[in-house]
Chemist: 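Pasting a structure below so you can have a look.
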Amino acid sequence: DTGVSQDPRHKITKRGQNVTFRCDPISEHNRLYWYRQTLGQGPEFLTYFQNEAQLEKSRLLSDRFSAERPKGSFSTLEIQRTEQGDSAMYLCASSLRGGNNEQFFGPGTRLTVL
Amino acid sequence: AQTVTQSQPEMSVQEAETVTLSCTYDTSESDYYLFWYKQPPSRQMILVIRQEAYKQQNATENRFSVNFQKAAKSFSLKISDSQLGDAAMYFCAYRSAWANQAGTALIFGKGTTLSVSS
């Protein structure tokens, strides 16, 4: 399977704990995006990378969130001191550079904060 | 800031019939892309169809077609000969054509849940 993969698919944690998600993009894609989707809503942009450079962060990305993409390959999204409001589906997408290029989405990581 | 509005939270259609999902957007840009994405239950989002704003011709992909009205900022999706597998949540999305800082992010509407009955 050469699509976008995400790990884990589900994560249940207690409030205040740290969690880390991983995204493996399609291998030749140099752009990688993180989105957050809450129940009944469309995905909302969090941040994106071009190769290893993080070029944009949404206002939704509080100081408790950090994302990395070392060596321009896989990416990690860490949430520190989780809050119940962080419960959502976290989606990763990748694309080639260029405005018309399709973003391919992964299956998402569903986070539940108790 | 650009916004995307889908005013139909739920729609239903019978197999083999045609259904149209509505989408409007707001932007001050003249060059952009519009997309319809499909998200089946518990499955990942896939692209259904895309439209470049500079193209006057409406995009079509097999049973899926769009009605793009640039002046009205409207972008509806028509599904012909509906199939049970079309049941999903459909999202309309906007993306700026300019490679500025936020230009590559997709801006999504809230989605329309489509159910298909036999």
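Here is how names work: the chains are called A, B, and so on, in the same order as the sequence lines, proteins then strands, and each is numbered from 1.
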Chemist: As an exercise, state the distance from CD of A/Gln103 to CZ of B/Arg95, rounded to the nearest 0.5 Å.
Modeler: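 Here the interatomic distance stands at 5.0 Å.
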Chemist: Could you check which of A/Gly106, A/Pro43, A/Gly42, A/Ser95 has the highest count of heavy-atom pairs closer than 4.5 Å to chain B?
Modeler: A/Pro43
Chemist: When the aromatic ring centroids of A/Phe105 and B/Tyr37 are compared, is their separation below 6.0 Å?
Modeler: yes
Chemist: Do the side chains of A/Tyr48 and A/Phe21 join up, straight or via other hydrophobic residues, at under 4.5 Å, putting them in one cluster?
Modeler: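 Hydrophobic grouping puts A/Tyr48 apart from A/Phe21.
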Chemist: Are B/Ile107 and A/Phe45 grouped together when hydrophobic residues (ILVMFWY) are joined by side-chain heavy atoms under 4.5 angstrom apart?
Modeler: no
Chemist: From B/Leu47 CG over to A/Phe104 CZ, what is the distance, rounded to the nearest 0.5 angstrom?
Modeler: 8.0 Å
Chemist: Answer yes or no: does atom NZ of A/Lys11 have more than 12 heavy-atom neighbours from other residues, nucleotides or ligands under 6.0 Å?
Modeler: no
Chemist: Quick one: does any side-chain atom of A/Tyr35 pair with a main-chain N or O of B/Leu106 as donor and acceptor, under 3.5 Å?
Modeler: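 Present.
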Chemist: B/Val13 and B/Ile49: same hydrophobic cluster, using ILVMFWY side-chain contacts below 4.5 Å?
Modeler: yes
Chemist: Over all heavy atoms of both residues, which pair between B/Arg50 and A/Glu102 is shortest? Give the atoms and the distance, please.
Modeler: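 So the minimum-distance heavy-atom pair works out to NH1-N, 3.7 Å.
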Chemist: Hey, any chance B/Val48 and B/Leu21 share a hydrophobic cluster, counting ILVMFWY side chains that come within less than 4.5 Å of each other, even indirectly?
Modeler: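 Same cluster.
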Chemist: When rounded to the nearest 0.5 angstrom, what distance separates OG in B/Ser42 from CZ in A/Arg110?
Modeler: 7.5 Å
Chemist: Would a hydrophobic clustering, with Ile, Leu, Val, Met, Phe, Trp and Tyr connected at side-chain separations under 4.5 Å, put B/Trp36 with B/Tyr94?
Modeler: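 Yes, it is one cluster - the side chains of B/Trp36 and B/Tyr94 are joined through contacts under 4.5 Å.
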Chemist: Would you mind reporting whether A/Gln37 and B/Gln39 have side-chain heavy atoms less than 4.5 Å apart?
Modeler: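 Side chain of B/Gln39 against side chain of A/Gln37, heavy atoms only: contact under 4.5 Å found.
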